[in-house]
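What you see is a predicted model, and the numbers here were worked out from it, not measured in a lab. In each ligand, atom 1 is the first atom listed, and ligand 1 is the first ligand listed. Hydrogens, waters and symmetry mates play no part in the numbers below; they use all other heavy atoms, side chains included.
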Amino acid sequence: MNTEDRTSQQQSPEDKEKQDFLRNRGVIPLHIAVIMDGNGRWAKSRGSVRIAGHKAGVDSVKDITEAAAQVGVRHLTLYAFSTENWGRPKGEVSALMKLLVQSLRSETRKLHENDIKLTSIGEIDRLPPTCRRELEEAIELTTDNKRMELCLALSYSGRWDISQAVSRISQKVKDGILCPEEINGDIIADHLSTADMPDPDLIIRTSGELRLSNFLLWQSAYSELYVTNTYWPDFRRDELYEAIESYQNRERRFGKVPSHFELEESSVAMR
Ligand code: FPP
């Protein structure tokens, strides 16, 4: 069975058609990163407790992971728990950790069967021991998988990431391995927790908030942003496809001019 077929058993013909349409329409972003937000408000709007929102959010995690792999995304990073989230009430933090453990236990085999490699970024040492153990086992099991990388940002913040990179670079300078003059953007990127990943092409944020909330601050320099008012537990594959379509309509210039401009300018200069 090839990797294309592995999840297609449950896939509807319409869904397959939509994915084919997107692949033919334009470039599929290599790396999508998601700020999953709005679980609490989703629960509140149903007169339920915040934890019910997080539980419902797990179903979105599963659907988006599956659809991203099927459509051809190669790296999917999910902001699952920020450094700042440690400041939430104890009960909510432990419920989130429990959900993570349960999800890892129930989903790792499926990830592995679908050739998805699990990785994580963040201060993993701060996670409770059971959580860390499950995570490390899942990472180990899936380490050689090639179809897509699913990276969980856990106890993560962009400022933490930059700080730990600066600290490791400073140590190398102190040890005489690196000269201060050699430090540039590439060296910094190589010391971030995302060193093995390309920068995100597309960052999706749910629940309508217009901010990055300390997520991938260095790596998002030229990411395209897609914000939807949908709360994370309602964010499913059809909206992922909308985000990809929106990405395909953008012109990425990376601070330069569009290529047709360059051609026009050079022909003027030649005259
Ligand atoms: C933000 O919503 C969401 C989180 C802090 C946690 C995200 C966690 C999950 C979706 C479930 C577990 C994850 C995995 C990977 C299995 P919020 O609580 O900030 O919502 P609010 O802004 O409406 O209060």
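Using cut-offs of 30° and 60° for the angle between ring planes, the His31 and His75 rings count as tilted.
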Between the protein and ligand 1, which nitrogen or oxygen pairs come in under 3.5 Å, and how far apart is each?
residue  : atom   : partner : partner atom : Å
ligand 1 : 2 (O)  : Gly38   : N            : 3.4
ligand 1 : 2 (O)  : Asn39   : N            : 3.4
ligand 1 : 18 (O) : Arg50   : NH2          : 2.8
ligand 1 : 18 (O) : Arg88   : NH1          : 2.8
ligand 1 : 19 (O) : Asp37   : OD1          : 3.3
ligand 1 : 19 (O) : Arg88   : NH2          : 2.7
ligand 1 : 20 (O) : Gly38   : N            : 3.4
ligand 1 : 20 (O) : Asn39   : N            : 3.1
ligand 1 : 20 (O) : Gly40   : N            : 3.0
ligand 1 : 22 (O) : Asp37   : OD1          : 3.0
ligand 1 : 22 (O) : Arg41   : NH2          : 3.0
ligand 1 : 23 (O) : Gly40   : N            : 3.3
ligand 1 : 23 (O) : Arg41   : N            : 2.7
ligand 1 : 23 (O) : Arg41   : NE           : 2.8
ligand 1 : 24 (O) : Arg50   : NH1          : 3.0
ligand 1 : 24 (O) : Arg50   : NH2          : 3.1

Working for side-chain contact (heavy atoms from CB on, under 4.5 Å), residues Leu78 and Cys151: CA-CA 6 Å; Leu78 302 178; Cys151 174; over 6 Å; no

Show which side-chain atoms of residues 87-102 pair as donor or acceptor with protein atoms under 3.5 Å away, not counting sequence neighbours.
residue : atom : partner : partner atom : Å
Arg88   : NH1  : Glu92   : OE2          : 2.8
Glu92   : OE1  : Arg50   : NE           : 2.8
Glu92   : OE2  : Arg50   : NE           : 3.3
Glu92   : OE2  : Arg50   : NH2          : 3.3
Glu92   : OE2  : His54   : NE2          : 2.8
Ser94   : OG   : Lys90   : O            : 3.3
Ser94   : OG   : Gly91   : O            : 3.3

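The hydrophobic cluster containing Tyr222 also includes Phe254, under a criterion of side-chain heavy atoms closer than 4.5 Å among ILVMFWY residues, counted directly or through chains of members.
For Asn85, the side chain to side chain donor-acceptor pair (under 3.5 Å) criterion is met by Ser82, not counting sequence neighbours.
Phe235 and Tyr241 end up in the same hydrophobic cluster when Ile, Leu, Val, Met, Phe, Trp and Tyr side chains are linked at under 4.5 Å.
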